[in-house]
Amino acid sequence: MRRFYAPVKSFSESAVTLDEDETRHLRDVLRLTSGDNVSVFDGEGHEFQCSISNIGKRSSELEIIKKIEPAAPESFLQLSIVPTILNGEKYDLIVQKAVELGVSSLTPLTTIRSEVKSRDASKRLGRWRRIALEATKQCGRAKLMEIQEPIGFGEFIKKANINELLMFSERDGSGLATVTASRRMTAIFGPKGGWDDVELETARKHGITIATLGGRILRAETAMIAISAILQHRFGDIN
């Protein structure tokens with residue numbers, strides 16, 4: 001069944017309205033017509049089977065038939081990731097795979113060795129959110145992964161709940177076996193050049209758990225994807 005997204009405000013008790021972009025996809029790309037059945041999710045975890053009532057130029061009206069279960073249920077692990085921003089399509093890939101792996105929130109991070117600064121990253125925020133929406137449609141989730149505003153390392157540490165933080169480093173950390181199970185975890189990942197000594201010392205002073213993958217050397221984007229999968233396997237619903 002074809003899947004579409006509409007925010008909660010677009011729903012009434014018995015109908016839902018698709019916006020111009022979703023209408024264009026329904027009408028011009030998929031060539032659906034009145035009477036066809038589709039599913040619509042609201043980005044907050046709810047999905048509905050609907051029948052197309054009317055297709056206009058800028059919006060479409062759909063009748064809600066019944067509530068249905070999303071193909072991909074949400075993990076009971078509330079996993080947030082904080083990956084240092086990388087250049088170009090590497091970060092696009094991280095966003096896409098994070099959605100597929102059931103990550104609930106992503107915060108773009110700038111660090112001392114970042115390739116991209118916060119002011120430049122903010123210009124890419126809309127693109128990342130569009131990528132997340134398309135990935136949500138394709139993977140069967142009904143809840144959108146939140147993508148926060150880019151933030152610097154020091155500022156993020158000040159605002160975060162230290163007890164939920166798990167910082168991954170290529171050095172000066174302990175193995176994953178020492179990490180205890182929790183329903184809420186926030187994993188922080190450094191840039192391709194690794195963490196600066198100042199950042200590692202800041203993490204230690206704040207009592208943040210630092211973990212490594214032993215002798216395995218991974219590219220920055222590979223590490224972020226692989227570790228998200230490992231955490232979902234150990235503490236979440238990938239088993």
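Everything numeric here is computed off the predicted structure, so don't read it as measured data. The figures that follow rest on heavy atoms only: side chains count, while hydrogens, waters and symmetry mates do not.
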Determine whether [X] and [Y] make a side-chain contact, defined as any pair of heavy atoms from C-beta on separated by less than 4.5 Å.
X    : Y    : result
S169 : I210 : yes
I208 : I162 : yes
L125 : S122 : no
M167 : L200 : yes

Q: Taking ring pair (Phe, Tyr, Trp, His ring centres under 6.0 Å) as the test, write out the residues that go with F4, two or more places apart.
A: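 If we apply the ring pair (Phe, Tyr, Trp, His ring centres under 6.0 Å) test to F4, skipping adjacent residues, there are no hits.
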Q: Name all residues meeting the ring pair (Phe, Tyr, Trp, His ring centres under 6.0 Å) criterion together with F11; count only those two or more places apart in sequence or in a different chain, and write none if there are none.
A: F48
Distance in Å, [X] [atom1] paired with [Y] [atom2], rounded so as to fall on 0.5 Å steps:
X    : Y    : atom1 : atom2 : answer
S39  : I65  : OG    : CD1   : 11.0 Å
T111 : F153 : OG1   : CZ    : 8.5 Å
S182 : L77  : OG    : CG    : 7.5 Å
I131 : E89  : CD1   : CD    : 8.5 Å
M224 : I94  : CE    : CD1   : 4.5 Å
S75  : L231 : OG    : CG    : 10.5 Å

Kindly state each residue pair satisfying salt bridge (Lys or Arg N to Asp or Glu O under 4.0 Å) with at least one member in [range], sequence neighbours excluded.
range            : value
residues 224-239 : none
residues 30-41   : none
residues 54-83   : E74-R141
residues 143-169 : E155-K159, E164-R184

Q: Please list all pairs passing the side chain to side chain donor-acceptor pair (under 3.5 Å) test where one or both residues lie in residues 5-15, with sequence neighbours left out.
A: none
For [X] against [Y], the heavy-atom pair lying closest together:
X    : Y    : value
I188 : W195 : CG2-CH2, 3.7 Å
Q232 : L101 : NE2-O, 2.9 Å
W128 : V95  : O-CG1, 3.5 Å
P83  : L106 : CD-CG, 3.9 Å
F41  : A142 : CD1-O, 3.5 Å
A98  : M145 : CB-SD, 3.7 Å

**Q.** T23 versus S60, side-chain donor and acceptor atoms under 3.5 Å
**A.**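 Checked: S60/T23 side chains pair up, N/O donor to acceptor below 3.5 Å.
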Q: Determine whether the side chains of E170 and T212 contain a donor N or O and an acceptor N or O closer than 3.5 Å.
A: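 Checked: E170/T212 side chains show no N/O donor-acceptor pair below 3.5 Å.
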What about [X] and [Y], same hydrophobic cluster or not, with Ile/Leu/Val/Met/Phe/Trp/Tyr joined at side-chain heavy-atom distances under 4.5 Å?
X    : Y    : answer
I238 : M185 : no
L218 : V179 : yes
I225 : I81  : no

Q) Should D197 and R171 count as an ion pair when the cut-off is N to O under 4.0 Å? A) yes
For the pair [X] (side chain) and [Y] (backbone), establish whether a donor and an acceptor sit closer than 3.5 Å, ignoring hydrogens and angles.
X    : Y    : value
R2   : N37  : no
R24  : S59  : no
H46  : D42  : no
R129 : I147 : yes

Q. So does R219 have more than 12 non-hydrogen atoms from other groups sitting under 6.0 Å from CZ?
A.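 12 or below, so no.
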For [X], give me all partners under salt bridge (Lys or Arg N to Asp or Glu O under 4.0 Å), at least two apart in sequence or on another chain.
X    : value
E100 : K97
R127 : D92
R130 : none
R3   : E47

Q.
Using the rule given for side chain to side chain contact (heavy atoms under 4.5 Å, CB included), can you reason through F189 versus L86, listing the C-alpha separation, both sets of side-chain angles and the distance that settles it, and then say yes or no?
A. CA-CA 11 Å; F189 306 99; L86 305 176; over 6 Å; no
(Q) Through direct or indirect side-chain contacts below 4.5 angstrom among Ile, Leu, Val, Met, Phe, Trp and Tyr, which residues connect to I68? (A)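 The other cluster members (ILVMFWY side chains, heavy atoms under 4.5 Å, direct or chained): none.
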